[in-house]
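Taking it in order: structure first as structure tokens, then the write-up.
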Amino acid sequence: MALSTAPGRLEVICGPMFAGKTTALIARLSAARAAGLEAVALKPALDTRYAHAAITTHTGERLPALAAACAGEVMNLLGDAGVGGVVGIDEAHFFGAALVAPVRALLLRGARVIVAGVERDHRGAPFEPFPALLVEADEVVKLHAVCARCGGLAVHSQRMFASNERVAVGGAGDYEARCRRCFEPPAD
Ligand code: ADP
Ligand code: MG
């Protein structure tokens, strides 16, 4: 594996659904490319909401991306990407705690790693891998959405269908952004 003398940098962009995380990630990756850097996007293959091989915003903006079935596949898929360049990972919560190891490996090879995702699960509890990544981050951007009930500052993703699964893929109609007051955690 090629190595770089760059120290590595971790940027975390988090917040509830519809907060603009993917929009911000695409903006950072596009800016890096415009500056002549290699910038690779990666997403969980599980997220098939709008596209299979692209990170996509709710408003239809998209950037081609590698799709990893699990965190263990990330380094193989990336190859030498990120050595002296940028790696953007969207919907990181779909990968769970296992994503921490490849992120650390990328940082050690000198990559600028930008991780976007939801840091609170549908119960409002910390959502892995964010607890660990937020500690390691050099920069944290916490975005808010608009509460679907009252228009206030939303920090939660309210699940609108019954499921005990921690990871359940859904988009508009399946989840609502909610503020602390309007959020109704599931009873069970
Ligand atoms: P995130 O990645 O945080 O889920 P995106 O970057 O994909 O968010 O999209 C954010 C944009 O989605 C907002 O700027 C807004 O235009 C749009 N949006 C906000 N609320 C909704 C909603 N309930 N349904 C669909 N689109 C929404
Ligand atoms: Mg998104």
Side-chain angles (χ1 to χ4, degrees), residues 10-34 39-71 74 77 86-96 99 103 113-131 133-134 137 139-161 163 165-185:
L10 176 59
E11 300 167 24
V12 172
I13 302 169
C14 60
M17 299 267 301
F18 311 115
K21 302 179 299 296
T22 304
T23 304
L25 177 60
I26 290 176
R28 288 185 184 212
L29 293 173
S30 302
R33 282 184 191 170
V40 179
L42 186 135
K43 62 174 273 185
L46 189 64
D47 173 26
T48 53
R49 288 173 305 169
Y50 300 115
H52 288 272
I55 58 175
T56 313
T57 70
H58 299 293
T59 50
E61 202 184 340
R62 61 172 57 197
L63 197 75
L66 302 166
C70 63
V74 168
L77 265 179
V86 187
V87 176
I89 304 175
D90 201 14
E91 306 292 350
H93 49 287
F94 286 171
F95 288 117
L99 188 67
V103 167
V113 184
I114 312 172
V115 178
V118 180
E119 83 283 28
R120 287 177 173 94
D121 70 9
H122 67 293
R123 300 176 191 281
F127 209 169
E128 284 77 22
F130 284 95
L133 295 185
L134 286 166
E139 180 189 353
V140 174
V141 177
K142 280 211 161 200
L143 297 174
H144 294 85
V146 176
C147 176
R149 281 272 172 90
C150 74
L153 220 53
V155 300
H156 288 290
S157 305
Q158 180 80 50
R159 188 175 282 174
M160 305 304 288
F161 58 99
S163 168
E165 297 298 320
R166 200 167 193 214
V167 172
V169 182
D174 301 317
Y175 290 90
E176 276 185 10
R178 295 274 185 95
C179 71
R180 288 183 172 86
R181 277 199 195 131
C182 295
F183 177 59
E184 298 163 316

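Both counts, for ligands and for their atoms, begin at 1 and track the order of listing.
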Next item on the list: Could you tell me whether atom 3 (O) of ligand 1 has at least one protein heavy atom nearer than 4.0 Å?
Entry: yes
Check: Between Ile89 and Val103, does a side chain to side chain contact (heavy atoms under 4.5 Å, CB included) hold up when you go through it step by step?
Finding: CA-CA 9 Å; Ile89 304 175; Val103 167; 4.2 Å; yes
Check: Is Gly15 in contact with ligand 1, taking contact as a heavy-atom separation below 4.0 Å?
Finding: no
Note to self: Below the 2.8 Å mark, what number of protein N, O or S atoms do you get around the Mg ion (ligand 2)?
What the structure shows: 1
[atom]: the protein heavy-atom neighbour that sits closest, reported with distance to 0.1 Å:
atom	result
atom 8 (O) of ligand 1	Gly20 N, 3.1 Å
atom 17 (C) of ligand 1	Thr59 CG2, 4.0 Å
atom 13 (C) of ligand 1	Phe18 O, 4.2 Å

Notebook entry, point to check: Looking at Leu99, Val118, Asp47, which one forms a side chain to side chain contact (heavy atoms under 4.5 Å, CB included) with Phe94?
Noted result: Asp47
Item checked: Residue that, paired with Arg149, satisfies side chain to side chain contact (heavy atoms under 4.5 Å, CB included) out of Gln158, Glu184, Arg181 -> Glu184
Using distance alone, determine whether [X] and ligand 1 share an N or O pair under 3.5 Å.
X	value
Ala19	yes
Thr57	no
Thr56	no

Next item on the list: Please work out whether the ring planes of Phe127 and His93 are parallel, tilted or perpendicular, with thresholds of 30° and 60°.
Entry: tilted
Note to self: Which label fits His58 and Tyr50: parallel for a plane angle under 30°, tilted from 30 to 60°, or perpendicular past 60°?
What the structure shows: perpendicular
Note to self: The criterion is salt bridge (charged side-chain N to carboxylate O under 4.0 Å, His left out); which residues satisfy it with Arg33, sequence neighbours excluded?
What the structure shows: none
Notebook entry, point to check: Of the listed options (His58, Glu176, Glu61), which comes nearest to atom 12 (O) of ligand 1 when hydrogens are ignored and any heavy atom counts?
Noted result: His58
Note to self: Only heavy atoms of Thr23, strictly under 4.0 Å: list the atoms of ligand 1 that pass.
What the structure shows: 5 (P), 6 (O), 9 (O)
Notebook entry, point to check: Salt bridge or not for Glu128 and Arg166, using N-O below 4.0 Å?
Noted result: yes
Notebook entry, point to check: Quick one: does Lys21's side chain have a donor or acceptor within less than 3.5 Å of a partner on Pro16's backbone?
Noted result: yes
Checklist line | CD (Glu139) with more than 12 external heavy atoms under 6.0 Å | finding: yes
Note to self: Is there a side chain to side chain contact (heavy atoms under 4.5 Å, CB included) between Thr22 and Glu91? Walk through the geometry before answering.
What the structure shows: CA-CA 8 Å; Thr22 304; Glu91 306 292 350; 4.3 Å; yes
Next item on the list: Would you sort out whether Ile55 and Leu29 count as a side chain to side chain contact (heavy atoms under 4.5 Å, CB included), showing the intermediate values?
Entry: CA-CA 11 Å; Ile55 58 175; Leu29 293 173; 4.2 Å; yes
